[in-house]
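To keep things clear, I will list the structure first and then write my remarks on it.
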Amino acid sequence: MLIDPSAGLEQSGYERLTRRRTLVLLLALFLFSIVAILSLGVGSYQLSPAAILKALCGLGDDGIVRHLVWSIRLPRTMGAILAGAGLGVSGIVMQTLLKNPLAAPSTLGVSQGAAFGAAFAIIVLGAGQTHVSGNEAVTLTSRSTVVISAFAGSLITVIVIFVLSTIKRISAESMILAGVAMSAFLSACTMLLQYFASDVQVAATVFWTFGDLGKAGPPENVIMALTLIPAFLYFMLKSWSYNALQWGDDVAKSLGVGVKSLRLAGLVITCLIVSVATSFLGIIGFIGLLAPHLMRLIVGNDQRFLIPASALAGGLLLLCSDIFSRTVLAPVILPVGIITSFAGAPLFLYLLLTRRSR
Amino acid sequence: MISIEGISVSYGKHEVLKDISCHIQGGQVVSVLGMNGSGKSTLLKTINRILHPHRGTVHLYGQNTGRMSREQLARSIGYMPQKSRAVDCTVFEAVLIGRKPHMAWHVSTKDIEETSKIIQLMGLGPYADRNTTELSGGELQRVVIARALAQAPQVLLLDEPVNHLDIKSQLEVMTLIRDVTRRLGLVTITVMHDLNIALRFSDKFMMMADGILFATGGREVVTAENIKEVYKLNVMVREMEGISVVIPCHDQGSCCRNEISTTSPSRKLRPCHQFTNGKVSLQYGPKRIF
């Protein structure tokens with residue numbers, strides 16, 4: 001008899017695993033919500049959860065609290081959630097599509113493209129005519145020019161990826177090497193611009209590259225949400241194809257996956273998410289790399305769970321980093337990009353070592 | 001039934017498959033034999049449309065595969081590549097992915113049941129919850145075959161299915177492949193390097209050399225002469241307990257002596273190669289279509 005009558009015993013193991021992963025996602029969502037509320041309350045003016053909820057519901061008489069929550073803390077928190085989730089999702093999709101655990105927005109040169117665009121706007125287009133005033137030593141006078149230029153800069157990477165994968169048909173493994181080369185090239189371009197710039201322009205460029213959630217306002221958040229939500233749904237829809245791709249291109253093709261179109265669409269969409277976030281907020285390192293690795297240890301490699309888990313972890317990591325950046329030297333608010341890189345590097349090394357020891 | 005009609009495939013200017021044609025009936029295990037680089041794996045990839053032929057067509061039960069959607073093809077053809085690496089997931093998940101062409105986003109009870117059956121069938125029950133990165137090469141090989149079977153295909157393409165397996169596992173896996181093929185009426189095409197395993201378990205053979213289908217047919221095509229031509233190797237083909245056995249020769253002379261001195265009652269051996277000025281003179285019949 002070819003089929004054993006005891007067939008079906010394994011399904012309990014798989015169902016157990018699925019239940020556990022669902023539970024982890026729900027726990028992460030709960031933790032995420034708690035930290036988001038905490039983020040609204042933390043700062044030089046502390047707010048209790050009750051005061052936050054009242055302000056969010058439009059209740060209570062304190063106009064200052066309502067203004068603080070709606071105009072300052074909420075845009076910042078939403079910015080952290082959207083940018084963190086976007087970077088986390090982009091990280092996992094890039095890693096899967098390029099079959100490389102080191103694939104991340106910075107590895108492909110998207111962040112460096114944005115930095116070059118910003119430097120170009122500040123130094124060449126004159127958007128960096130800065131002035132010294134109040135708390136901010138360097139303030140960009142023409143922010144929209146910098147944002148558009150940074151976005152255009154990061155699109156350079158998207159175009160290069162598009163050309164390399166469609167016309168030159170390079171492999172996924174080679175694409176990451178092309179990304180490294182692009183990063184080096186764009187960094188060199190930025191340095192060349194800075195070499196010929198004035199001290200103030202160089203200061204403005206450096207200031208822009210600091211990832212800062214203070215730059216997030218309602219319009220920026222709306223654009224980030226409009227980019228992220230459809231992209232997230234698309235990635236979730238394709239999660240089985242990403243699962244198949246982990247076994248190699250040939251296996252994925254034999255399972256009915258259109259590998260070329262899947263890879264191209266995925267890379268262009270992830271680059272767009274990162275481009276939007278980076279051009280609004282500056283460079284925020286390590287979230288795209290760290291969030292997927294962290295969640296892979298907990299929920300495994302099934303992309304149906306790993307994609308939303310990476311989004312939650314990305315948002316959570318950026319929220320925690322932002323809270324830390326607002327409290328560690330309060331009332332001074334550190335740029336969150338510094339915190340993510342400071343905390344991200346040792347945490348990533350720790351993950352690598354624990355993974356190896358397993 | 002699968003019909004391959006005049007397919008040719010090129011990598012750049014180099015033509016790796018040249019005008020291959022054959023017809024294979026359901027319920028048969030067909031072994032593709034030939035040296036490395038002869039085009040065996042390319043043939044499998046072309047049948048599965050992983051590679052596109054620049055000439056020729058493949059028909060699956062009368063339907064041109066070139067006109068089938070990728071999903072439709074995935075429901076009809078199961079494929080196991082030559083090299084498989086482990087992925088960080090359980091054996092159950094690794095086999096379940098084979099159900100992708102049949103399932104929606106949500107995994108149905110039927111998908112879980114089918115996967116469980118295949119896992120039991122391949123003797124992977126005790127490993128179902130283990131991570132594939134913890135498996136031996138042979139165990140992983142079984143997982144990969146199980147994934148191809150989970151596609152519930154009409155055609156099974158296996159590129160070196162007994163690679164990495166010990167002799168006992170080779171016999172078990174090939175017995176299983178043959179049984180499943182016959183029971184479900186599949187067309188199973190396997191790339192094989194072990195001629196003896198191929199002779200033991202295959203119904204038909206395709207011998208390839210330099211991208212050309214050199215000989216096709218039943219066991220009668222696996223002769224010392226054909227092996228010499230395809231592999232550039234001197235061998236004896238003997239009949240032992242009703243099974244053909246290929247024995248490599250130490251030198252040309254030993255093969256001749258052995259072939260002359262032994263006569264099998266069940267099968268008449270061909271005479272020793274005819275040597276003319278130190279070169280082997282061989283005779284080949286026309287390509288056979290089975």
Side-chain angles (χ1 to χ4, degrees), chain A residues 1-18 20-22 95-96 99 101 169 233 235-262 292-293 296-297 299-307 355 358, chain B residues 45 48-51 69-75 77-85 87-101 103-107 109 112-121 123-125 127-129 131 144 147-148 151 157 159 176 179-180 183-184:
Chain A
M1 192 173 178
L2 279 174
I3 295 170
D4 195 297
S6 62
L9 288 176
E10 289 71 33
Q11 70 188 68
S12 60
Y14 177 72
E15 284 174 346
R16 236 187 356 258
L17 195 64
T18 306
R20 194 175 72 83
R21 286 168 173 168
T22 311
Q95 285 170 18
T96 306
K99 292 185 271 186
R169 296 180 179 183
L233 294 175
F235 293 145
M236 287 303 288
L237 203 68
K238 295 287 177 188
S239 51
W240 273 114
S241 297
Y242 296 143
N243 278 342
L245 201 60
Q246 294 181 75
W247 290 94
D249 286 10
D250 285 353
V251 172
K253 282 178 192 170
S254 75
L255 291 171
V257 178
V259 172
K260 273 184 197 164
S261 56
L262 183 81
H293 282 283
R296 195 177 279 122
L297 288 176
V299 299
N301 242 337
D302 188 338
Q303 305 285 313
R304 292 176 306 148
F305 295 94
L306 191 51
I307 289 172
R355 201 175 166 81
R358 283 180 171 194
Chain B
K45 288 182 183 181
N48 202 15
R49 258 181 55 210
I50 291 170
L51 294 174
S69 71
R70 195 165 281 288
E71 289 76 19
Q72 217 178 342
L73 203 63
R75 284 193 286 270
I77 301 178
Y79 172 68
M80 186 205 116
Q82 193 180 85
K83 289 176 187 165
S84 300
R85 60 182 179 86
V87 167
D88 185 12
C89 68
T90 66
V91 167
F92 191 94
E93 290 175 292
V95 180
L96 179 68
I97 193 71
R99 297 289 306 161
K100 186 192 172 295
M103 66 187 175
W105 195 84
H106 182 71
V107 181
T109 312
I112 291 177
E113 281 172 3
E114 291 294 320
T115 306
S116 298
K117 283 178 191 171
I118 302 287
I119 282 176
Q120 294 294 335
L121 181 68
L124 290 165
Y127 310 102
D129 292 333
N131 196 300
V144 175
R147 184 187 61 213
Q151 285 178 250
L157 305 175
D159 202 342
L176 191 72
D179 290 349
V180 171
R183 188 181 148 123
L184 302 178

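Below, chain A is the first sequence line, B the second, and so on; all start at residue 1.
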Checking heavy atoms, do the side chain of [X], its backbone, both or neither come under 4.5 Å from chain A?
{"X": "B/Met80", "answer": "neither"}
{"X": "B/Lys83", "answer": "neither"}
{"X": "B/Ala94", "answer": "both"}
{"X": "B/Ile97", "answer": "both"}
{"X": "B/Leu157", "answer": "neither"}
{"X": "B/Arg49", "answer": "neither"}

At their closest point, which heavy atom of [X] faces which heavy atom of [Y], and how far apart are they?
{"X": "A/Ser254", "Y": "B/Ala74", "answer": "O-CB, 3.3 Å"}
{"X": "B/Arg70", "Y": "A/Gly258", "answer": "CD-N, 3.8 Å"}
{"X": "B/Lys100", "Y": "A/Ala244", "answer": "CD-CB, 4.2 Å"}
{"X": "A/Leu255", "Y": "B/Gly98", "answer": "CD2-CA, 3.9 Å"}

| said: If we check side chain to side chain contact (heavy atoms under 4.5 Å, CB included) with B/Ile50, which of these qualifies: A/Asp249, A/Val251, A/Asp250? | reply: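 Result: among A/Asp249, A/Val251, A/Asp250, A/Asp250 is the only option passing the side chain to side chain contact (heavy atoms under 4.5 Å, CB included) with B/Ile50.
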Portion of [X] that has a non-hydrogen atom of chain B nearer than 4.5 angstrom:
{"X": "A/Thr18", "result": "neither"}
{"X": "A/Lys238", "result": "neither"}
{"X": "A/Val257", "result": "both"}

| query | Hey, are B/Glu71 and A/Lys253 close enough for a salt bridge, meaning a charged N less than 4.0 Å from a carboxylate O? | reply |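 Here B/Glu71 does not pair with A/Lys253 in a salt bridge, since their nearest N and O are not under 4.0 Å apart.
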| task | Would you mind checking if B/Asp88 and A/Arg296 are paired as a salt bridge, meaning a charged N to carboxylate O distance below 4.0 Å? | result |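 No, no charged N to carboxylate O under 4.0 Å.
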| task | Find the distance between CG (A/Asn243) and CD (B/Glu93) and round it off to the nearest 0.5 Å. | result |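 Result: 8.0 Å between the selected atoms.
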| request: Applying salt bridge (charged side-chain N to carboxylate O under 4.0 Å, His left out), name anything that partners B/Arg99, two or more places apart in sequence or on another chain. | output: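 Scan of B/Arg99 (salt bridge (charged side-chain N to carboxylate O under 4.0 Å, His left out), adjacent residues dropped) gives B/Asp111.
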| request: Answer yes or no: is there a donor N or O on one side and an acceptor on the other, between the side chain of A/Trp240 and the main chain of B/Trp105, under 3.5 Å? | output: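 Such a contact is found between A/Trp240 side chain and B/Trp105 backbone.
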| Do A/Asp302 and B/Cys89 touch side chain to side chain, with heavy atoms closer than 4.5 Å? |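 When only atoms from C-beta onward are counted, B/Cys89 and A/Asp302 do not touch, as no gap falls below 4.5 Å.
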| Side-chain touch A/Leu17/B/Phe92, heavy atoms, less than 4.5 angstrom |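 Side-chain contact under 4.5 Å: no.
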Residue among [options] with most heavy-atom pairs under 4.5 Å to chain A:
{"options": "B/Gln151, B/Met103, B/Arg147", "answer": "B/Arg147"}
{"options": "B/Asn48, B/Val87, B/Val91", "answer": "B/Val87"}
{"options": "B/Thr115, B/Leu96, B/Ile77", "answer": "B/Leu96"}

